[in-house]
Amino acid sequence: MLHSIYAITAKELRVFLKDLGSLFTLFVMPLAFIVIFSLALSDVYSPPEDHPIAIPISVDRAGELAVQIAATLDSADGFNVVHNDADGVPFTAQFVADAVAAGDYQFAIVFPSGFTDTLTDPARLLGDGAGSVTVEFIVDPAATLQVVAPIQGAVAGVIQQTIGQMMNAAGAEQLFRLLELPDDTLAMARAAVELGPATSWSFPVVIQRVNPPNVERELFPDSYQQNVPGYTVMFMFFIVTVIAASVFKERSSGALRRVRATPVSRIAIVIGKTLPFFAINFLQAVIMFTVARLGFSMDLVNIPALLVVTAGLSLAATGMGSMITNLVRTEAQAGSIGVLLILILAMLGGSMIPRSIMPEAMQTIGLIAPQSWALTAYQDVLVRGFGIASILQETLILIAYAAVFLAVSVFRFRYE
Amino acid sequence: MNANGDSVATVEGLVHRYGDLTAIDELSFSINRGEVFGLLGPNGAGKSTTISILSCILEHTGGRVTVLGADAGPNARSVKARVGLVPQEIALYEELSGLDNLKFFGRLYGLSGTRLGQAIESALETVGLADRAADAVSEYSGGMKRRLNLAAGLLHDPEILILDEPTVGVDPQSRNHIFDNVERLNAAGTTVIYTTHYMEEAERLCDRVAIIDHGRLVALDTPRNLIYSLGGGVIQIGISPDKRASAEAELLSLDRITSAKPGPDGTLDLQTTGAQHALVDVLNALNAHDIPVDSLRILEPNLESVFLRFTGRTLRD
């Protein structure tokens, strides 16, 4: 009996060692996942000073107080403030708003013109302090609330602290001048003001969260608008397993070899085999959005634009499925390597965790993933409320990906 | 036999290698229009590789192959349109009906509309599956699948029909059906290239047979001439080398032995006027001269024996 057990065990090990797909799944896949996930989330689990959040601030004609707030914010851990261009010219409000709209930044701050003068107006300081000044906190609607809220809180804290101190000091200074205090008393009084609490006045600044200028959506997209695009994008690429099963079955039956004996080109075969999966993939996305709409009242915002993005995404997904199928040797490899690749690209592309919380290098690397372009386009439609014109670039990039994937498929297509 | 001497395919110095393995080694022959040309050989002899090259699904690595006047190769689409391949495996879509399978392959050959419908009807009629066309192929018996496999190769009315071991694993009834189909198609003018390792099939169907072993052409002639070359049969006898010369001289003096020549594996091949009767004379003569016999084999006059004689192996080795 021991001999039999040995024989079976030895045989299983030999078979297993020949199965590269299984080896890959068991050893390489978890390692790749751990490494890439850790890299993508490294900013989340490291001190904020290691990965400061870049915030453009417009202090244009806002005065010294705004500049001081910007400097204080810049010196705070976790923020990297820019408020001048390379020539030292202050950013305008329009410039920083456009920068967020273009996706260059997730946040921007605009101090209104005359901000300092208004807050330090003696009449106001010595009066009842009524009225307030509005500072705009421009936020990309695609940024999740979990990310926005603490940053907005931190920004508000810095503004409140700086203005509080300034107001104490400035208001007291006006008072001291009226009282014509002697120098030694004045020095003691000033020192006392410096140490005093900053909240002795009602806070005169309102921080208002606003959308970038080209966004016409409500400020807080719902859970479905945030999650449906990400998971739709991720799961649409799983078409690779279905394509691989179909092609490998056709190969093993000899049917593809027989097809080769017919006067049909490889291009025709690859396109003919891709089109039905494109239709299935497209339908898959349509059903997901339909369920989200009918079952959960998700606002689809602009259905034609969604369909355009979905068409580009389906082409890229089926193209990638076809390419992977034609690059690997076995269906098992398509299942392991293909799924691993899809999960990694989904993560890099922002389907699992927002790209905005990844380190900048990972965000750049993420652009390799077609998923990132699809997700941006979906968010442009669903969260930012953009129309077809705004998602054409992403859609064309997805189509370009599909063209490359299909070209590789044709080149690598095997009948047996 | 329907051959008219006009060549539809020529193979000159054909070589094909899979990496370091030479599957076809300097193979040369030509196939006449209208004949049934048999490729006979054991598994692994190179038959399937040869017909893969002839049907333009495999690019050969050396030599020259022309089919219907054009160089053969995977890009020879004009050739493919005029050649029908019936592969050894059941290359069909089991989930689809027989009709849907034929529609698919017919369309790949450029057929559509009425032409496609007529081609399917004719092919189904030929293989006797018209009444089961709507059924899924997965519900067919092995023999029915083989017949549908044949039908899919007939749709475009090919000038050359290549059949790769079409009777493997089929019941006698379906086998006879396939034989009848091949004979009927050949009578209608279709050139047939038929690979098999069943000698009786080659004997029944083929006008000429090329015997292939280890990728080389061992013999090429009509079945009758090949069998005739064995005369009344061959006795293949194993004798130690030191006694072989004296044994040969002694045996050639026997009436029923017409010739003797070295055979495979160091044997001596004795051509006889009748193997069974000559055997007694041979054994008596060797016994009388105290020459021990190491091995003995009688090759009756058939293609199996022809193959054995030339290669020292049986077709099913």
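Both backbone and side-chain heavy atoms feed into the values below; hydrogens, waters and symmetry mates do not. Protein chains get the first letters and strands the later ones, always in sequence-line order, with residue 1 at the start of each. Since the model is a prediction, treat every value here as computed from it, not as a measurement.
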Among A76(B), G153(B), P87(B), residue most engaged with chain A (heavy-atom pairs, under 4.5 Å): P87(B)
Electrostatic pair R64(B)-D71(B), nearest N-O below 4.0 angstrom: yes
Proximal component of R257(A), with respect to chain B [non-hydrogen, under 4.5 Å]: both
Taking every non-hydrogen atom, the tightest pair across L129(B) and M144(B): CD1-O, 3.5 Å
Contact leader toward chain A among G110(B), A152(B), C56(B), where contacts are heavy-atom pairs under 4.5 Å: A152(B)
Over all atoms of both residues, closest heavy-atom pair of A261(A) and Y109(B): O-OH, 3.7 Å
Side chain, backbone, both or neither of I90(B) within contact of chain A (heavy atoms, under 4.5 Å): backbone
Residues R258(A) and E89(B) bridged, charged N to O under 4.0 Å: no
